[in-house]
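Because only heavy atoms are used, hydrogens play no part in the values below, and waters and symmetry mates are left out as well, while side chains stay in.
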Amino acid sequence: MGLRFYNTLSRSIEPFTPAVPGRVSMYTCGPTIWNYAHIGNFRTFLFEDLLRRWLEARGLRVFHVMNLTDVDDRIIKEAGARGLPIREFTEPFARAFFEDRDFLRIRPAHAYPRATDFIAEMIRLVEGLLAKGVAYQGDDRSVYFAIQRFPAYGQLSQLDRRSLKAGASGRVSTDEYDKENAQDFVLWKAARPEDEAVAAAWDAPFGRGRPGWHLECSAMALALLAREGLGEVLDIHAGGVDLIFPHHEDEIAQSCAFTGASHFARVWLHGEFLNVRGTKMSKRFGNITTPRDLKADGVDAGALRLLMFQTHYRQKLDLTDEALAAAREGSRRLGEFDGRLRRATRRTAGTPNAWAEWAGRVAGDVSEALDDDLNAPRAIATLFDAVRDGNRLLDQGLPPGDGEVAEWVRALEVLDVLPSGGGGTTVSHGAGAAAEGAPSDTPPTEPEASENWARAWAAARLTAKGRRDFKEADRIRDLLKAAGWSVRDNKDGTVEVRRV
RNA sequence: GGCGCCGUAGCCAAGUGGUAAGGCAGAGGUCUGCAAAACCUCCAUCACCGGUUCGACUCCGGUCGGCGCCUCCA
């Protein structure tokens, strides 16, 4: 059936065809670097990572841009409180964002433009809008976009079908405005002393000030599209559902009014929220958890990715310890099978037919699931089916060929949900561990020494088992367990120890 | 008040107009010195009430419950 996505613009699933064959331009709204991004934010970034990976797996060359918002009210306020220029204030959070991104194995975008690096482009955009008469300067010197002069306004959020209740969100007071129409949005905010204090003001023909929130995405997307020779319409624009209105609606208005094109992006994808006990994770609700918090708690990125992808991106997902534990266990099982499969691979042709069928099913089902609006939960179900069937074949002693294993690897690479590193080490007979005599009962603290220690005990267990001294063997297992190592006797007579 | 989403087993979660994927947990079993791992078996009638239909969990209407957006929140 081919690749298809749910397009917020049409509220329906549509076949996806990039404007330039073989290439995809994709812009995703990134974080406002005023603080550490929480995993709610990262749920969206993870969904976008999956999108990116699948497009690439489908053979498309993706140009992915993610902006970093480094000037906004919160940043100015926080920077002011610390007496720092905004650039200096945001820098550590930008770095932290990249660290968290890497921890979660999110593939780096091709560009991470920062708003303050594109002031000139934004000014040009505002000038263009003023020239076209769709923008005007208010009495406060700020520049606003006049939505009544842009008839298509509201198509994304279906504004024509709703009546806005001014200030209903309670997040902004309605009387702060100096606009012709309450729904007009600001393109350029006239500079205030607080802005000057933190170097958040720039000169412009229409007055000194700083960009409004929406402006950066339009300016940077258009600038980077032009640089890549990809026209002035994005193939895909993605973000969280909360950005549909007003952010993306306003981006469309200012971009299309400027370019004259009918679209700013042909496909709009929006990811649902990550909830905590039913309500969205948000700084203002005080219920946030950051990737670094989870990392500190020993949560693995593979488990986290599995958890996120086991729920469709357009469904709300509640984060709980139980769900996290379940994902950890699932990730472990996938990793266990992956290791077993790779060890059993043989490099020969003419593999048993059962494996060929197995591989075909993995590739076909995963592909069909992800093609269908990124149905990762279904793709993961396929993976688990493959684990069960594959283990059964391996139990029968049938080895897979590399071609079949490659199909499994390809499917896994898109989701990337295996546990990271920390595999066990296997000790076989005559490991020479006894060379230095019996290891001490207490483990060394350094990781490497601790591993040697565990290996030594594993060898000792092997020896004890060899003389059928099961009491001693059990004692060793308990001792290792107490030190945080799991023990497993393999069928081939080896002992495997693994950090828990 | 407006717009929209959701309500599937103990927990998480796909899905289809024809009688419910997958994961975790749990129970029993095979294997094992014992474990572990792996495999096998078992574990739902899809919030409620109407309607349409030969047939609905899937379509329509309503009720109840949860959630989101409504000007700078992924």
Measuring only the P atom in each nucleotide, how far is B/U52 from B/C60? A whole number of Å is fine. 15 Å
Does B/C34 have its OP1 or OP2 closer than 4.0 Å to a side-chain nitrogen or oxygen of A/Arg468? no
Which nucleotide, if any, forms a Watson-Crick or G-U wobble pair with B/U45, using both distances under 3.5 Å? none
Within less than 4.0 Å of OP1 or OP2 of B/C69, is there a side-chain N or O belonging to A/Lys280? yes
Rounding to an integer number of angstrom, what distance separates B/A20 and B/C24 when you compare their P atoms? 22 Å
Spell out yes or no: do the side chain of A/Asp318 and the base of B/C12 have one donor N/O and one acceptor N/O closer than 3.5 Å? no
Considering only heavy side-chain atoms of A/Lys465, the closest of B/C39, B/G33, B/C6 is B/G33
Tell me which of A/Arg477 and A/Arg277 sits closer to the 5' end of RNA chain B, going by the nucleotide each one is nearest to. A/Arg477
Per atom distances to the A/Lys316 side chain, the nearest of B/G22, B/A74, B/G4 is B/G4
Does A/Arg388 make a side-chain N or O approach to OP1 or OP2 of B/A38 shorter than 4.0 Å? no
So which nucleotide from B/C70, B/A14, B/G33 ends up closest to the side chain of A/Phe245? B/C70
Closer than 4.0 Å, any side-chain N/O of A/Arg332 to the OP1 or OP2 of B/A38? yes
Contact class for A/Leu383 (heavy atom, under 4.0 Å): base, sugar-phosphate, or nothing? nothing
Would you indicate, yes or no, if B/G15 has its OP1 or OP2 atom less than 4.0 angstrom from a side-chain nitrogen or oxygen of A/Asn375? yes
Do A/Asp416 and A/Arg53 sit within salt-bridge range, that is, some charged N less than 4.0 Å from a carboxylate O? yes
Does B/A13 have OP1 or OP2 under 4.0 Å away from a side-chain N or O of A/Arg378? no
Look at the side chain of A/Asp242 and the base of B/G68, then say whether one donor and one acceptor between them are separated by less than 3.5 Å. no
Nucleotide nearest A/Glu329 (side chain, heavy atoms from C-beta), chosen from B/A25, B/C5, B/G23: B/A25
Could you work out which one of B/G22, B/C73, B/G33 sits closest to the side chain of A/Arg284? B/C73
Would you say a side-chain N or O of A/Asn275 is under 4.0 Å from OP1 or OP2 of B/C67? no
From the options B/G22, B/G4, B/A74, select the nucleotide whose nearest atom is closest to the side chain of A/Gln158. B/G4
Nearest-Å distance once atom C1' is located in both B/C46 and B/C12: 16 Å
Using 30° and 60° as the class limits, which term best fits the ring planes of A/Phe264 and A/Trp268: parallel, tilted or perpendicular? tilted
Would you check if the distance from the ring center of A/Tyr144 to the ring center of A/Phe185 is below 6.0 Å? no
With a 3.5 angstrom cut-off on both distances, give the Watson-Crick or G-U wobble partner of B/C59, or none if there isn't one. B/G51
Side chain to side chain donor-acceptor pair (under 3.5 Å) with A/Thr69: which of A/Glu216, A/Arg114, A/Arg74? A/Glu216
Parallel, tilted or perpendicular: ring planes of A/Tyr112 versus A/Phe97, cut at 30 and 60 degrees: perpendicular
Under a 3.5 Å cut-off for both distances, is B/C5 Watson-Crick or wobble paired, and to whom? B/G66
Which word best sums up how the rings of A/His214 and A/His247 line up, parallel for under 30°, tilted for 30 to 60°, or perpendicular for over 60°? tilted
Measure from the side chain of A/Asp385, starting at C-beta and using heavy atoms only, and say which of B/A74, B/C24, B/G22 lies closest. B/G22
Can you tell me, in whole Å, how much space there is between the C1' of B/A47 and that of B/A56? 16 Å
Taking for A/Arg461 and for A/Arg43 the nucleotide of RNA chain B with the nearest heavy atom, the one nearer the 5' end belongs to A/Arg461
Identify the two heavy atoms, one from A/Arg107 and one from A/Arg52, that lie closest to each other, and give their separation to 0.1 Å. O-NH1, 3.8 Å
Just to be sure I understand the rule, does A/Glu249 reach a base, reach only the sugar-phosphate, or reach nothing, if contact means heavy atoms closer than 4.0 Å? nothing
Checking N1-N3 plus N6-O4 or O6-N4 for Watson-Crick, or N1-O2 and O6-N3 for wobble, each under 3.5 Å, the partner of B/A37 is none
State which of B/G68, B/C34, B/G22 makes the closest approach to the side chain of A/Thr279. B/G68
If you only use heavy atoms from C-beta on, which nucleotide in B/A74, B/C24, B/A21 is closest to the side chain of A/Cys29? B/A74
Given B/G33, B/C73, B/G66, identify the nucleotide with an atom nearest to the side chain of A/Asp72. B/C73
Base of B/A37, side chain of A/Arg488 - is there a donor-acceptor contact under 3.5 Å? no
Is there aromatic stacking of A/Phe470 on B/G33 here, judged by a ring-centre distance under 5.5 Å and a plane angle under 30°? yes
Answer yes or no: does a side-chain N or O of A/Arg314 lie under 4.0 Å from OP1 or OP2 of B/C6? no
